[in-house]
Amino acid sequence: MRKLALTDEILMQIEKPARYIGNELNSVVKDTSQIRFAMCFPDVYEIGMSHLGIQILYDMFNKREDTWCERVYSPWPDLHKIMKEQNIPLFGLESQEPIKTFDFIGITLQYEMCYTNVLQLLDLAQIPLLAKDRSDGDPIVMGGGPCSYNPEPIAPFFDCFYIGEGEIQFDAFLTLYKRMRAEGRSRAEFLHEAAKIEGIYVPSLYEVTYKENGTIDAFLPIYDDIPAKIKKQVEMDMTGTVYPEKPVVPFIKATQDRIVLEIQRGCIRGCRFCQAGMIYRPNREKGVERLKELAKKMIDSTGHEEISLSSLSSSDYSELEELINFLMEECEKRKINISLPSLRIDAFSLDIMQKVQDIKKSSLTFAPEAGSQRLRNVINKGLTIEDILGGAKQAFVGGWNKVKLYFMLGLPTETEEDMRAIPELANEIAALYYETVPKEQRNGKCQITISTSFFVPKPFTPFQWATMLDPGDYLGRAKIVNDHVKEQLNHKSIRYNWHEADVTVLEGVLARGDRKVADAILYVYEHGGFFDAWHEYFNFELWQEAFEACGIDMDFYTKRERTEDEIFPWDFIDCGVTKEFLLREWRTAHTETVTPNCRMRCAGCGAREFEGGVCFEDKN
Amino acid sequence: MKIRIKFRKWGVMKFIGHLDMMRYFQKAMRRAHIDICYSEGFSPHQIMSFAAPLGVGITSDGEYLDIEVNASESSEASMKALNATMVDGVMVTSYVRLPDDAKTAMSIVAAADYRLSYKEGYESPYTTSQWKEIVQKHFTEQPKFLIVKKTKKSEREVDLKPLVYQFFVEGDENAPQFHISVSTGSVDNIKPELVLSSVYEKCGLVYEDAAIQIHREEVYARDENGALIPLCDMGEIIY
C-alpha cells in the first residue's frame, strides 16, 4: 500500500477523507511509467467521479503500457486551506505523488462555472497559472470537454486544448511527445509540432486582433505551418471503440453511483438552444449486442446496484426496446435497479416504468422548454400539446399523479404570453388528471412541479447570436410565471421553482467570452473565489468587482446585439456544423418554423462530412 | 441460511466510514456472486447487518457482518470468491454458517479487544515499564475507576472497573502498546480511548487523539454460561 500524501492528522480533521486516498476498486496502479498523466475534473470528488468521459479516457490511457493516468479532483475548501497553509502540492489519487512532476495535466471542462477551480488545481499543484510563465520542467496543461468549444476565456491558462472526442488523437499526441522528449526538444518545440495534429489547439500560436468596437478583427496563426482552423475529432466507430469495462468504483457515494451505459452520441433533434445537440453531431449509435455485452461485464466488475443509460435522447435509440427488455431480464436476475433516463412518454415507456419503478414515488418528466407552441417552434422543440396531454393522460390512467415540467425563461422572442402559457399548461395537465381519474381512484391530489431555468446562449448553436437580459429582468419573468401560477384554477396542485439569475448572467459572459475575459477569472481566483458551481461559494459581487477592475463590460458579452457577420471567438473551430447552417436556423427560428429531425430529413448542417452515423443510416 | 463473515480492515481503508463499508460489501457480494437474500419491493436491498460500527481512523482484525443467503458454496470457496474482489486493505478471514435461530451479531455484541499504539512521528511520554507501573497503580489496583462520561444529553459518573475486562501494557521499551478489552454494545459501550485518556488525566498528561492508532482485535458475544466468545466461533465452517 502506498504512503498517503496527506497525514492522518489532516485526514482526520477534514470532511470525507475518502475523497483523497485513492485505492478504489478498479483504479489502476502502475510501478512507474514513461508518461505520467493527471486527469483532472475541476470539481469535488463525488461530482468528478460521476463523469463518464474521464472513465473512458482513464481506461484508454492506462491500456497504453507507457502511460499511467491518474485522477485528480478539486480539494474541498477545508483541505484547500490546509494545503495552502502547509504548502502541500496537489497529488494524483493513485500514486499520491505531486502532479507537478507529471508530463501532462489534463483538465476536463464540463461547465463554465468550474473555471476558477481550474486555477485552484494549477495553484495547488504549484504550477504557474499562466501558460506563458511555465518552463520546460512544468507539465503540459491541456483542456478538453464541451467548454473547450469556446476555450478563449481560459486560453491563457492552458498550453493546449483537445477539440473533440478523446478516442481519436491521443495515441498520435503521446507518441509525438515521447519521441520529442527522447530527442531532448523543448516545450515550445513540442507544442508547435502538436499543433499540427488535427484537433489540437495551442492558444499561444494564434494572435487575436480586435476592432475598435471590441469585436474580433482577425484570429490567425502566427506561423505558416500552423492550421488556421481546428477540426473537431469524432469517433465514428461507436461499437468498436474503447469503453471502460471495469470502471472505478468509489467508496463514498458519488452523484452517479451506478453503471452508465452510453448508448449513443449526438442527437437527431436539433433543438436550437442545445449545444450538445450540435457539437456532438452526427448522431451515432452503439450496437445493441455490444451494449448487452458491456452491461454484463460492468455488472460483474463493479457490483453496482443500479444501471442507467446515457444519451441525449434515449427514445431515439433505434434498438431501445430490445436493449431495455434485455436489461430488465438481466437485472431481475441480479437484483439491479434500472434507472431510466427521461424517455419520451408513450405507451412503451409507461409500460417499462410501471415495471421498474414504484409509481407512487416516481414522477413523469416532460421538458417542453417553452410554454407556448409558438415559442416551442422557435426553439425547434418538436413536443406538442397533444404529445404532452396524451402522455399525461395515459400515465394518469396507469396510476401516476406526479408530473415534473421543465422550461426555460429568456428564450429569444419570448413574450409575456409565452411566459403565461407555462402555468396554463400546468393547469391543463392538472385539470386532465381530475377529469381522467375518478375521485375514488385518486391517490390524493396530483402534483405538478414547474421548474424554470434561464436560457444561456452557447457557442455553436443557432442561438449564438441571441442577446441576454439583466438579472433583474430574468427574475421579473419568473415573477410573471409565479403570479400567474397563483391565478390558475388548480394552483393548489402546482408548485413552481426557479433558478438564480446572477449565475445565469455570469455563465453567459464565460460561455461567449473572448481572451480578455481571462483577466477577470484570474482576478476572482486571486481574491479567494472558487467553487462557483456551488451556491454557497458563488460570490457575484466579487465577479462584478473583477470585471470592473479588469475594465471588462459584462453587457458587451450578454446584452449586445451580434451582427450576422461578426467573427466569434470560437469561429476558428470547425465542429462539423457550419456557421451557414447555424445562421439559417437562427433565421428560421424567427419565422417560428420547425426544422425536421435528422431521420426525417437532412437539414444540411455539415456533419455529413464525418461520413457516418445518422447521416448515412439505411444508405449503405 | 445465515452466514457470519469476519474481515480485516487496514491501511488507508481506515478512512472509509461504516456506512461506506456497508455499501462496499453490498457491491462485493454481487461481484463475488454470493447468493444473498434480498428484501421485497421496488428497490430490494440485501439482508446484511454489521456487528459493531468501527469509527473512522480505526483499523481492525475483527470486523463482522451477518448476511442471509439462499444457498452457499463452501466457506473456502466463498472466501476465495470474496477475496478475489477485495481492494487492498480489506480481507475476509472467516465465513461460517450460523444456526437458523441465531441472533444477529449486532444484537449480541458484548465486548471487544483493542490495541492502542503510538503512531509514527509521536513519542510516548513514558517507557513501557513506566506505563506498566502506572496502569497497575492507577487502574488495576484501584477498587473503582470513576470517570465522567459525557453524552449529547447528559454527563454522568461511571465506574470503568467493571466495564474494562483487561488492561495491560506490552511492547518494546520505547513503543508501548496498550491492550484494552471493554464492554461493547447497546448497553454499556465503552471506547478504548476513553480508558486510556482517563489514565492520561490521572497522570496529569494531555491525551492527544492524533498520537494514537487504535486497532480492534476481536469482537465477542457471551455464550449461555456468560463467557466471552469471538463472534466467528458461534458458527460452523461449510465444507
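As the structure is a computational prediction, the values presented were derived from the model and not from experiment. Heavy atoms only: backbone and side chains are in, while hydrogens, waters and symmetry mates are out. Below, chain A is the first sequence line, B the second, and so on; all start at residue 1.
- A pairwise comparison of heavy atoms in Arg30(B) and Arg334(A) identifies O-NH2, 3.0 Å as the closest pair.
- With chain A as partner, the option from Gln46(B), Lys14(B), Gln213(B), Gln26(B) having the largest number of non-hydrogen pairs under 4.5 angstrom is Lys14(B).
- For Lys16(A), no part sits under 4.5 Å from any heavy atom of chain B, backbone or side chain.
- With a 4.5 angstrom heavy-atom cutoff, Phe25(B) does not touch chain A via any of its atoms.
- Between the side chains of Glu24(A) and Tyr24(B), no donor-acceptor pair is found at a separation under 3.5 Å.
- Within a 6.0 Å radius of NZ in Lys80(B), other residues, nucleotides and ligands contribute 12 heavy atoms or fewer.
- Atom-to-atom distance recorded for Asp20(B):CG and Lys253(A):NZ is 10.0 Å, nearest 0.5 angstrom.
- At most 12 non-hydrogen atoms from other residues, nucleotides or ligands lie less than 6.0 angstrom from NZ of Lys246(A).
- Counting non-hydrogen atoms of other residues, nucleotides and ligands closer than 6.0 Å to NZ of Lys103(B) gives a total of 12 or fewer.
- At a threshold of 4.5 Å between non-hydrogen side-chain atoms, the residues Asp257(A) and Arg23(B) count as touching.
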Would you sort out whether Ile21(A) and Ile16(B) count as a side-chain contact (heavy atoms from CB on, under 4.5 Å), showing the intermediate values? CA-CA 9 Å; Ile21(A) 62 171; Ile16(B) 306 302; 3.7 Å; yes
side-chain contact (heavy atoms from CB on, under 4.5 Å) evaluation trace for Lys335(A) with Ile36(B): CA-CA 10 Å; Lys335(A) 294 281 191 284; Ile36(B) 194 164; over 6 Å; no
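- Interface residues of residues 290-302 of chain A toward chain B, defined by a heavy-atom distance below 4.5 Å and sorted by number: Asp300(A), Ser301(A), Thr302(A).
- Atom NZ of Lys402(A) has more than 12 heavy atoms from other residues, nucleotides or ligands within 6.0 Å.
- In this structure, no portion of His45(B) lies under 4.5 Å from any heavy atom of chain A.
- Taking chain A as the reference chain and counting heavy-atom pairs below 4.5 Å, the highest number among Met86(B), His33(B), Lys27(B) is found for Lys27(B).
- Taking all atoms of both residues into account, the shortest heavy-atom contact from Asp8(A) to Phe15(B) is OD1-CZ, 3.6 Å.
- The residue among Val249(A), Leu4(A), Asn26(A), Ile252(A) with the most heavy atom pairs within less than 4.5 Å of chain B is Ile252(A).
- Counted within 6.0 Å of CD on Glu73(B), heavy atoms from surrounding residues, nucleotides or ligands total 12 or fewer; the atom is thus considered open.
- With a 4.5 angstrom heavy-atom cutoff, Glu306(A) does not touch chain B via any of its atoms.
- At most 12 non-hydrogen atoms from other residues, nucleotides or ligands lie less than 6.0 angstrom from NZ of Lys81(A).
- No more than 12 heavy atoms of other residues, nucleotides or ligands shown are found within 6.0 angstrom of CD on Glu120(B).
- Not one N or O on the side chain of Asp88(B) forms a donor-acceptor pair closer than 3.5 Å with the backbone of Asn23(A).
- Taking each heavy atom of Met12(A) and Gly57(B) in turn, the nearest pair found is SD-CA, 3.8 Å.
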